[in-house]
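Take a look at the structure set out below.
Heavy atoms only: backbone and side chains are in, while hydrogens, waters and symmetry mates are out. Counting starts at 1 for both ligands and their atoms, following the listed order.
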Amino acid sequence: MNNNVPEIGSPARTKAILNRYRLVAKKSLGQNFLSDLNILRNIVTAADVTADDNVIEIGPGIGALTEQLARKARKVVAFEIDANLLPVLDDTLMDYDNVKIINQDILKANLPEVIRDEFEPGHPVKLVANLPYYITTPILMGVLQSNVSFDQIVVMMQAEVADRLVAVPGTKAYGSLSLVMQYRAHVEVAFDVPRSAFIPQPNVDSAIIRLTPREPLPVMPYDDKALFGFVKGCFAHRRKSLWNNLQGIFGKQPEVRERIQTVLQRVDISQQLRPERLTLINFIELVNAFHDEGLM
Ligand code: SAM
């Protein structure tokens, strides 16, 4: 390794790489390169990456986070959609023999297969990434609904989306995204990242979110997908009452309205509440009760 060359994520090296390859960051692919070594190292620390860990990265860019991960991890497999970055990564990461770049859209990747083929079993598998912001939600939904159970997920996203992920009942940011994420994992903000840490600078600030496998819930829904669909339906008109939204889901016929009321009484939830007042457990109890009532 050439010790005179600064690390990839230093501002000087980032600029030098962009110049050398005449790279213009593609806005359409969410290319904002993190250029702050402290923050990059803190991301790796937040995921507690050790030499025992296998890591999946999404969007390595010019390799700044990949380098920090490769220094600590057993192996890093990174998905990059932009073929123009492949020769750059070949060059910037040439000193690391524990990195594999896959030129593929992460939304089309078969993660269980890649993990089986690329990683030796018996080691923790973590996901660590500075996500392309335009597809943060589909990536997280896809990952959490895949059959892969990551031991840890640490990802950067725009602060506003991070707020929605960790939001609690009764707040403006609380909604279906909070509930789906919190159903799947324990979600927390690890730390905030200012827009000035990127080249080029985005128009928004960012935050690092950490997802860890959650403790078992006291009740489980009869079906995960039914829960997610129901939650979405309940938030279709978030300023209206639960009663209004439930009629939107099930219909307004007198017989249906009566059955909705029966269910609400059974689970002891007021029909006047707004959906944002309900907890995850409330939603699970409701979906199970509507199922028992034959409405789902
Ligand atoms: N990891 C680098 C860093 O921290 O500086 C770059 C992060 S940049 C915010 C997002 C990266 O994701 C870009 O390299 C972009 O080309 C890549 N990307 C965008 N859409 C993608 C997709 N669908 N699948 C895989 N990579 C994608």
Once you measure the plane-to-plane angle for Y183 and F228, does it fall in the parallel (<30°), tilted (30-60°) or perpendicular (>60°) bin? perpendicular

Shortest protein contact, [atom] (heavy atom only):
atom                    : result
atom 17 (C) of ligand 1 : E80 OE2, 3.4 Å
atom 26 (N) of ligand 1 : I81 N, 3.4 Å
atom 24 (N) of ligand 1 : I106 N, 3.0 Å
atom 4 (O) of ligand 1  : N130 ND2, 2.8 Å

Under a 3.5 Å cutoff, is there a donor and acceptor pairing between the side chains of S206 and Q158? no

Just by distance, with hydrogens left out, do R164 and Y174 show a side-chain donor and acceptor under 3.5 Å apart?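 No donor-acceptor contact under 3.5 Å links the two side chains.
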
Quick one: does ligand 1 sit under 4.0 Å from the side chain of [X], the backbone, both or neither, non-hydrogen atoms only?
X    : result
Y134 : side chain
N32  : backbone
S35  : neither

Compute the ring centroids of F230 and F290, then answer whether they are less than 6.0 Å apart.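 Ring centroids of F230 and F290 are less than 6.0 Å from each other.
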
Is the closest heavy-atom distance from [X] to ligand 1 below 4.0 Å?
X    : value
E57  : yes
F198 : no
I135 : yes
Q104 : yes

Taking both backbone and side-chain atoms of F33, is any N or O found less than 3.5 Å from an N or O belonging to ligand 1?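 No, F33 has no N/O under 3.5 Å of an N/O on ligand 1.
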
Are any of the N or O atoms of G59 closer than 3.5 Å to those of ligand 1?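 Min N/O separation from ligand 1 is below 3.5 Å for G59.
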
Interfacing atoms of ligand 1 (cut-off 4.0 Å, heavy-atom, [X]):
X    : result
Q31  : 13 (C), 15 (C), 16 (O)
F79  : 25 (C), 26 (N)
G61  : 6 (C), 14 (O)
D105 : 22 (C), 23 (N), 24 (N)
G30  : 8 (S), 9 (C), 10 (C)
L131 : 9 (C)

Evaluating non-hydrogen atoms only, which member of P60, A64, G9 is closest to atom 2 (C) of ligand 1? P60

Among V128, L34, L29, L65, closest by any non-hydrogen atom to atom 19 (C) of ligand 1: L29

Can you confirm whether more than 12 heavy atoms, excluding those of E215, are under 6.0 Å from its CD atom? yes

Can you confirm whether K26 sits close enough to D82 that some side-chain heavy atom of one is under 4.5 Å from a side-chain heavy atom of the other? yes

Any Q201 side-chain heavy atom under 4.5 Å of S196 side chain: yes

Carefully, step by step, assess I106 and I81 under the rule side-chain contact (heavy atoms from CB on, under 4.5 Å). CA-CA 7 Å; I106 185 63; I81 198 172; over 6 Å; no

Side chain to side chain donor-acceptor pair (under 3.5 Å) with Q247: which of K252, Q271, R257? R257

Passing option when Y21 is tested against T92, D91, N84 for side chain to side chain donor-acceptor pair (under 3.5 Å):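 Single side chain to side chain donor-acceptor pair (under 3.5 Å) partner of Y21 among T92, D91, N84: D91.
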
L69, I139: one ILVMFWY side-chain cluster at the under-4.5 Å cut-off? no

Just how far is it from atom CG of L179 to atom SG of C234, taken to the nearest 0.5 Å?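 L179 atom CG to C234 atom SG measures 9.5 Å (nearest 0.5 Å).
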
Spatial distance of atom CZ (F283) from atom CG (L227) [nearest 0.5 Å]: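 The CG atom of L227 is 8.5 Å from CZ of F283, to the nearest 0.5 Å.
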
